[in-house]
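No experiment lies behind these values; they were computed from the predicted model shown.
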Amino acid sequence: MSLHTPEQSQLGKASAYADQYDPALLFPLPREPKRQEIGIHGSVPFLGADLWTAFELSWLNPRGKPQVAIAHITVPCESTHIVESKSFKLYLNSFNNTRFEHADAVRDRLRSDVSAAIWHGEPVRSSAGVRLLTPPLFECEPVRELEGLSIDRLDVECTRYQPAPDLLTAALDEKPVTEILTSDLLKSNCLVTGQPDWGSVQVSYTGPQIDQAGLLQYIVSFRNHNEFHEQCVERIYMDIWARCRPARLSVYARYTRRGGLDINPWRTSHPQLPPANVRTARQ
């Protein structure tokens, strides 16, 4: 099995857009190298998933009439690979002039292809989830901001723009609290192209109270950092877990879409239902 690297992908390169279905366009990237950077070796110490929304999905019905849908795709975090986002957009475009009997056939094809890609030659231990929303359901799609107390209200000085986990502190000798904290000031850059990725982040935890000013400065410190969405969220999770020692922790980020696709990673220390894949106003 070949080892794919980000530099080998279509990121930052001129690309021809295939308009006939082609699952070979999907470009898997291994999770392991970046996880090793943040101290994860072997089994991951969290649960969760990457929640994708594809807004530009279209195909032809048996009579050649175009159909459109929004796709919600759930990629389990235990998968060995992610799918590089530009390759996923190219893959979705390959449906454009391909005829399918019905929307269920499109959904099943998406699930099968994405599941194969995220395990990249290994047995599929947990498949991707796929839900298609057709036009009659579009008006039911809500817009909602992340629940929690915004720490963006704090007037803090920010001087560091590369991840600085030493900014994270917690009241380790005081009574534990349960809080949900949010920020809309998350920004990182694409690992390959350096293009900006804008996001909002929610930190839910039970444990020693986290210093909110330090947490905000820490989130801002990702501003010039080059890493994919999934990798940034796992780095945030691991840094908070190590520095603040919560008993329970969830980190959830919603990134603005690029090319009709948004990626929203969620990591948690304990079993629970995943958050609803509901877009924020910026998405």
### Step-by-step side-chain hydrogen bond (donor to acceptor under 3.5 Å, both in side chains) determination, Arg160 to Asn224
CA-CA 9 Å; Arg160 301 171 71 178; Asn224 293 340; over 6 Å; no

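- Put simply, the side chain of Arg235 reaches to within 4.5 Å of the side chain of Glu37, judged on heavy atoms.
- With rounding to the nearest 0.5 Å, the separation of OH in Tyr161 from OG in Ser188 is 15.5 Å.
- Note that the CD atom of Gln212 and the OG atom of Ser150 stand 9.5 Å from one another [nearest 0.5 Å].
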### Task
Mind running salt bridge (Lys or Arg N to Asp or Glu O under 4.0 Å) on Glu56 and Lys89 for me, showing each step along the way?
CA-CA 8 Å; Glu56 299 176 3; Lys89 297 163 196 170; over 6 Å; no

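- Ring to ring, Trp52 and Phe88 are close: their centroids are under 6.0 angstrom apart.
- Going from atom CD1 of Ile151 over to atom CG of Leu216 covers 4.5 Å, rounded to the nearest 0.5 Å.
- For the pair Arg254 (side chain) and Val278 (backbone), a donor-acceptor distance under 3.5 Å is present.
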### Message
Please evaluate residues Val201 and Thr182 with respect to the criterion side chain to side chain contact (heavy atoms under 4.5 Å, CB included), reporting the C-alpha separation (whole Å), side-chain torsions for both, the decisive distance (0.1 Å), and the verdict.
### Response
CA-CA 6 Å; Val201 62; Thr182 67; over 6 Å; no

What pairs of donor and acceptor atoms, side-chain ones from residues 134-147 against any protein atom, are under 3.5 angstrom apart with sequence neighbours left out?
residue : atom : partner : partner atom : Å
Glu141  : OE1  : His72   : NE2          : 3.2
Glu145  : OE2  : Ala281  : N            : 2.8

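- Taking 4.0 Å as the cut-off between side-chain N and carboxylate O, Arg125 and Glu78 do not count as a salt-bridged pair.
- A distance-only check finds a donor-acceptor pair linking the side chain of Ser221 to the backbone of Ala164 [under 3.5 Å].
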What side-chain donor-acceptor pairs closer than 3.5 Å can you find for residues 167-180, not counting sequence neighbours?
residue : atom : partner : partner atom : Å
Thr178  : OG1  : Thr206  : OG1          : 2.9
Glu179  : OE1  : Tyr205  : OH           : 2.5
Glu179  : OE2  : Gln209  : NE2          : 3.1

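- Of the possible polar contacts, none joining the Ser115 side chain to the Ser127 backbone as a donor-acceptor pair under 3.5 Å is found.
- Taking the charged nitrogens against the carboxylate oxygens, Arg31 and Asp50 do have a contact shorter than 4.0 Å, which makes a salt bridge.
- For the salt bridge (charged side-chain N to carboxylate O under 4.0 Å, His left out) test with Asp197, the passing option among Arg282, Arg258, Lys187 is Arg258; the others fail.
- In terms of hydrophobic clustering, with Ile, Leu, Val, Met, Phe, Trp and Tyr side chains grouped at heavy-atom distances under 4.5 Å, Leu51 and Leu26 are assigned to different clusters.
- Looking at Arg243, its side chain does come within 3.5 Å of a backbone N or O of Pro165 through a donor-acceptor pair.
- A continuous path of Ile, Leu, Val, Met, Phe, Trp and Tyr side chains, each step under 4.5 Å between heavy atoms, connects Trp241 with Ile219, placing both in one hydrophobic cluster.
- With sequence neighbours left out, the salt bridge (Lys or Arg N to Asp or Glu O under 4.0 Å) criterion links Arg35 to Glu234.
- Grouping the Ile, Leu, Val, Met, Phe, Trp and Tyr side chains by contacts below 4.5 angstrom, directly or via other members, places Val156 with Leu186.
- With a 6.0 Å radius and a threshold of 12 heavy atoms from other residues, nucleotides or ligands, Arg257 has its CZ atom above the threshold.
- Under a hydrophobic-cluster definition in which Ile, Leu, Val, Met, Phe, Trp and Tyr are linked whenever side-chain heavy atoms come within less than 4.5 Å, directly or via other members, Val251 and Val44 are assigned to the same cluster.
- Judged purely by distance below 3.5 Å, without hydrogens or angles, the side chains of Ser183 and Asp152 pair a donor atom with an acceptor atom.
- Remark: aromatic rings of Phe95 and Phe100 are close, center separation under 6.0 Å.
- In this structure, Val233 is not a member of the same hydrophobic cluster as Leu191, with clusters built from ILVMFWY side-chain heavy atoms closer than 4.5 Å.
- Asn264 contributes a side-chain N or O that, together with a main-chain N or O of Tyr255, makes up a donor-acceptor pair within less than 3.5 Å.
- Distance check: Glu230 CD to Ser85 OG gives 8.0 Å after rounding to the nearest 0.5 Å.
- Proximity of a side-chain donor or acceptor of Ser79 to a complementary backbone N or O of Val75 within less than 3.5 Å is not detected.
- Atoms OG1 and CG, from Thr268 and Leu249 in turn, are 7.5 Å apart once rounded to the nearest 0.5 Å.
- Residues His270 and Gln272 bring a donor and an acceptor atom of their side chains to less than 3.5 Å of each other.
- Closest non-hydrogen pair, Ser126 versus Trp119, comes out as O-NE1, 2.9 Å.
- The distance from atom CH2 of Trp198 to atom CD of Gln283, rounded to the nearest 0.5 Å, is 14.5 Å.
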### Query
Yes or no on salt bridge (Lys or Arg N to Asp or Glu O under 4.0 Å) for Asp113 and Arg109, after CA distance, side-chain angles and deciding distance?
CA-CA 6 Å; Asp113 292 343; Arg109 180 49 49 197; 3.4 Å; yes

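- Under the 30°/60° scheme for interplanar angles, the aromatic rings of Phe222 and His225 are found to stand perpendicular.
- Remark: the backbone N or O of Leu60 is not paired with any side-chain donor or acceptor of Arg99 at under 3.5 angstrom.
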